[in-house]
Protein chains: 2
Amino acid sequence: MSEILLRKLQNYLGFSEIERKAVLSLPSQTITLPARQGLEEDTGGDGDVYVIEDGFACRYRMLSDGRRQILCYLVPGDVIDLRRFITGAPPPPAVSMSQLRMRAIPSSAVLGMIERMPRLMRALWWSTIVDESIVQEWLVSLGQRTALERISHLFCELLVRLKAVGMAEQDSFRLPVTQAELADTLGLSTVHVNRTLQELRRMDQITLQNGIVTVTSFEKLQALALFSPAYLQMRAATPPPLRPASA
Amino acid sequence: MSEILLRKLQNYLGFSEIERKAVLSLPSQTITLPARQGLEEDTGGDGDVYVIEDGFACRYRMLSDGRRQILCYLVPGDVIDLRRFITGAPPPPAVSMSQLRMRAIPSSAVLGMIERMPRLMRALWWSTIVDESIVQEWLVSLGQRTALERISHLFCELLVRLKAVGMAEQDSFRLPVTQAELADTLGLSTVHVNRTLQELRRMDQITLQNGIVTVTSFEKLQALALFSPAYLQMRAATPPPLRPASA
DNA sequence: CCCGTAAATCAACATGGGTTAATCTCGGCC
DNA sequence: GGCCGAGATTAACCCATGTTGATTTACGGG
């Protein structure tokens with residue numbers, strides 16, 4: 001297993017050398033798939049656990065008349081299908097939003113590890129709790145925040161999440177997401193997402209080119225978005241970048 | 001423990017006589033509190049697990065400028081603080097919306113039970129998964145559904161959930177919730193909630209008096225709301241009423 | 001270098017839902 | 001029986017966001 005999972009889990013708990021080794025030596029197989037492809041085809045109910053290494057994906061729900069709501073983003077470091085692995089309940093459908101690289105870890109290996117190392121189990125649980133908190137925070141955004149606040153909030157959240165796994169620079173990160181997908185994420189129309197992005201640029205809050213978001217001042221954006229990172233439940237400091245966000 | 005928890009869990013799995021007995025003989029203590037009171041004061045971090053017996057409560061999040069989003073309803077049969085009990089992470093604040101009666105079950109008793117009876121553990125887990133699915137479905141509502149659809153959807157959901165624990169009649173249930181609270185639930189203004197309720201009445205879809213919602217035709221309301229109960233993951237049939245919904 | 005397509009942008013107009021501020025209803029209480 | 005406060009209801013007006021449809025830009029493939 002690559003380092004990214006360890007980075008992710010270390011946001012929640014500190015680990016001993018032995019625990020770190022256990023994570024890094026999990027057997028895994030790399031899976032790559034192109035943008036806009038359903039994840040189920042490649043991650044079918046075989047019970048493996050997947051960790052995103054690079055690229056974005058999302059879960060979504062469609063209404064019968066074609067409206068779509070994106071339920072969560074799956075970004076590098078995220079562990080997916082943990083729930084299915086534990087409860088057997090299938091999660092909502094997911095698609096890649098960009099080219100995606102992930103690792104499949106046999107569930108038996110995960111099971112073995114968490115049985116021997118309760119702190120790792122706790123960290124994995126913790127990550128599922130945070131995933132829930134994120135959905136709740138999105139509910140707050142859709143229910144209460146204006147378009148400007150919603151976009152700003154999403155950017156703040158992604159910057160923090162991606163920095164936590166070394167996939168963002170100090171003030172910028174790669175966002176391989178289309179404006180139409182942002183619209184389905186935020187409950188807005190494509191046109192209005194575009195307008196609002198323009199406005200954020202005009203306000204000199206962000207820069208967005210070639211899929212790279214750069215934040216002028218995180219503090220200002222955070223204030224604008226009414227963002228407070230507590231719901232992400234991370235320990236204070238974030239580790240140094242794993243590699244350039246432009247990768 | 002009263003029968004309501006058993007009713008709730010039986011929506012997910014069938015149980016043996018022994019398992020049923022185990023649930024019913026859980027030690028518990030009744031807690032009553034008035035409307036609009038924070039639950040934390042009475043259910044502080046003592047690690048107990050609580051089951052709502054009668055009345056509604058909700059979890060919510062406030063923004064710094066006073067906007068409030070209700071994150072979920074806690075209704076009869078719901079098990080709360082299960083997550084905290086497992087992970088130690090404190091959930092968002094909660095308040096009672098009506099007079100509330102619940103049972104506190106010592107966590108040790110719950111632990112003992114689920115260790116001996118894996119099917120009960122599975123059912124409890126299942127209920128937490130469903131709680132998550134509900135939040136996701138609310139996200140779909142706030143992101144994609146119109147005001148009319150949102151209210152209709154909420155009513156459909158509550159009817160199904162409450163019927164599942166015997167707290168609703170065939171087509172009606174008690175909704176001890178103010179229009180302002182509905183507004184904070186659905187991301188609408190109080191005025192618009194009122195307008196929309198009027199419209200539902202004018203359309204002859206519902207009746208709402210004295211806090212009792214009566215649905216004219218569940219099928220029609222369901223179609224209007226784009227409601228499909230799959231996300232509630234209940235086994236087909238619902239049991240007969242526990243007692244009148246007007247209680 | 002040209003084409004074709006997806007994504008972004010823009011303009012013009014429409015509307016669902018927000019805001020404000022009265023007014024009304026009704027149960028509880030003295 | 002009148003007062004009071006909470007909640008429900010209305011009306012009038014406004015604006016944030018949606019819709020439609022055209023245009024431009026970016027970019028991979030031939």
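FYI, side chains are in, hydrogens and waters are out, and symmetry mates aren't considered; it's all heavy atoms of this structure. Chain naming here is simple, since letters A, B, ... match the order of the sequence lines and numbering starts at 1 in each.
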Closest to the side chain of A:Leu188, out of D:dT17, D:dA11, D:dC27, is D:dT17
Within-4.5 Å side-chain heavy-atom neighbours: A:Ile151 and A:Leu200: yes
Within the 4.0 Å heavy-atom criterion, would you say B:Gly187 contacts the bases, only the backbone, or no part of the nucleic acid? sugar-phosphate
Looking at C:dG16, does its base get a donor-acceptor pair with the side chain of B:Arg195 below 3.5 Å? no
When you measure from the side chain of A:Asn210, which nucleotide among C:dT9, D:dC27, D:dT9 comes out closest? D:dC27
Are the side chain of B:Thr196 and the backbone of B:Leu148 linked by a donor-acceptor contact shorter than 3.5 Å? no
Remember a base hit wins even if backbone is also touched, and classify B:Arg150 as base, sugar-phosphate or nothing at under 4.0 Å, heavy atoms. nothing
Measure CG/A:Asn194 against P/D:dG18 and give the value in whole Å, please. 13 Å
Once you round it to whole Å, what is the distance between P of D:dG7 and CG of B:Leu208? 15 Å
Can you figure out which of C:dA8, C:dG17, D:dC27 approaches the side chain of A:Thr178 most closely? C:dA8
With the side chain of B:Ser189 defined as its heavy atoms from C-beta on, choose the nearest nucleotide among D:dT9, C:dG18, C:dG17. C:dG18
Hey, does A:Arg67 reach any base, or is it just sugar-phosphate, or nothing, if we go heavy atoms under 4.0 Å? nothing
Report which part of the nucleic acid A:Thr146 touches: base, sugar-phosphate, or nothing (heavy-atom distance under 4.0 Å, all strands). sugar-phosphate
Taking C:dT9, C:dG17, D:dA8 as options, the one with an atom nearest any side-chain atom of B:Gln179 is D:dA8
A:Leu148 CG - D:dC15 C1' separation (whole Å): 15 Å
Report the distance from atom CZ of A:Arg145 to atom C1' of C:dG17, rounded to the nearest whole Å. 20 Å
If you check every side-chain atom of B:Gln198, which of D:dT9, C:dG17, C:dC10 has the closest atom? D:dT9
Ring geometry between B:His153 and B:Phe227 (parallel below 30°, tilted from 30 to 60°, perpendicular above 60°): perpendicular
Working note: B:Tyr231 + B:Trp138, criterion ring-ring contact (aromatic ring centres under 6.0 Å, His included); need CA distance, chi angles, decisive distance, verdict. CA-CA 11 Å; B:Tyr231 71 99; B:Trp138 283 25; 9.9 Å; no
